[in-house]
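In the text below, chain A, chain B and the rest are named by the order of the sequence lines, each starting its count at 1.
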Amino acid sequence: MATRAAVAAPHLLRRFFCSNSASSSFPFVPTPPPGAVPSPARPTAEPNNNLFVSGLSKRTTTEKLREEFSKFGEVVQARVVTDRVSGYSKGFGFVKYATLEEAAKGIEGMDGKFLDGWVIFAEYARPRPPPGHLNDNSPQFGRQ
DNA sequence: ACTGAGCGA
């Protein structure tokens, strides 16, 4: 009968699970390799007065961005990146503080907070590419 | 139409 096998089955299963004392033989290793580099390519730039704000709502404008970040320091310049053709916001912007400590407070104060129903992320912006030489064809004419 | 990772005219 199959009843005898059913009695002997739990006995073998108990030995199977109790023999799991050595967890090093388990194929599932949630721990990362010890030789891994902590950060081969850091997603965050070095401390700077400029801040990169992402996760903005499509309805968030430059005025709203400066108004919110001005509560943590003096905002020298704030801009929400919008598309030139469509005119809609791309969902991220930049905020420049007067000093670096104000920029740090701005990140600590606005990073992970809600703005217009969206969780925004504030971090140090990367240095922009060189504008090149002063020429009439330079695209850096007009602002700042 | 703006949809959802990102680095700007």
What is the distance, rounded to the nearest whole Å, between atom [atom1] of [X] and atom [atom2] of [N]?
X: A:Asp111; N: B:dG6; atom1: CG; atom2: C1'; result: 15 Å
X: A:Gln77; N: B:dC7; atom1: CD; atom2: P; result: 19 Å
X: A:Ile107; N: B:dC7; atom1: CD1; atom2: P; result: 16 Å
X: A:Phe92; N: B:dG8; atom1: CZ; atom2: P; result: 6 Å
X: A:Glu123; N: B:dC7; atom1: CD; atom2: P; result: 9 Å
X: A:Trp118; N: B:dG6; atom1: CH2; atom2: C1'; result: 14 Å
X: A:Phe94; N: B:dG8; atom1: CZ; atom2: C1'; result: 4 Å
X: A:Phe121; N: B:dG4; atom1: CZ; atom2: C1'; result: 11 Å

[atom1] of [X] to [atom2] of [Y]: how many Å apart, nearest 0.5 Å?
X: A:Arg66; Y: A:Gln77; atom1: CZ; atom2: CD; value: 7.5 Å
X: A:Lys96; Y: A:Asn50; atom1: NZ; atom2: CG; value: 4.5 Å
X: A:Arg59; Y: A:Trp118; atom1: CZ; atom2: CH2; value: 8.0 Å

Below 4.0 angstrom from OP1 or OP2 of B:dG8, is there any side-chain N or O of A:Lys96? no

Does OP1 or OP2 of B:dG8 have a side-chain N or O of A:Arg128 closer than 4.0 Å? no

Of B:dG8, B:dC2, B:dT3, the nucleotide closest to the side chain of A:Lys58 is B:dT3

Could you tell me whether A:Lys71 and A:Glu68 make a salt bridge, using a distance below 4.0 angstrom between a side-chain N and a carboxylate O? yes

Which comes earlier along DNA chain B counting from the 5' end, the contact point of A:Thr82 or that of A:Ser89, where each point is its nearest nucleotide? A:Ser89

Return the 5'-most residue of the pair A:Arg59, A:Tyr124 with respect to DNA chain B, ranking by each residue's nearest nucleotide. A:Arg59

Check if the side chain of A:Asn50 and the base of B:dG8 share a donor-acceptor pair of N or O atoms closer than 3.5 Å. yes

Sugar-phosphate, base or nothing in reach of A:Gly93, heavy atoms under 4.0 Å: nothing

Mind checking if A:Leu56 touches a base, just sugar-phosphate, or nothing, with heavy atoms under 4.0 Å? base

P spacing across the pair B:dG6 / B:dC2, given as an integer number of angstrom: 23 Å

List, by chain and number, the other hydrophobic cluster members for A:Tyr124, where Ile, Leu, Val, Met, Phe, Trp and Tyr join if side-chain heavy atoms come within less than 4.5 Å, directly or indirectly. A:Leu51, A:Val53, A:Leu56, A:Leu65, A:Phe69, A:Phe72, A:Val75, A:Val80, A:Val95, A:Tyr97, A:Leu100, A:Ile107, A:Met110, A:Leu115, A:Ile120

Aromatic stack A:Phe52/B:dC7: centroid gap under 5.5 Å, interplanar angle under 30°: yes

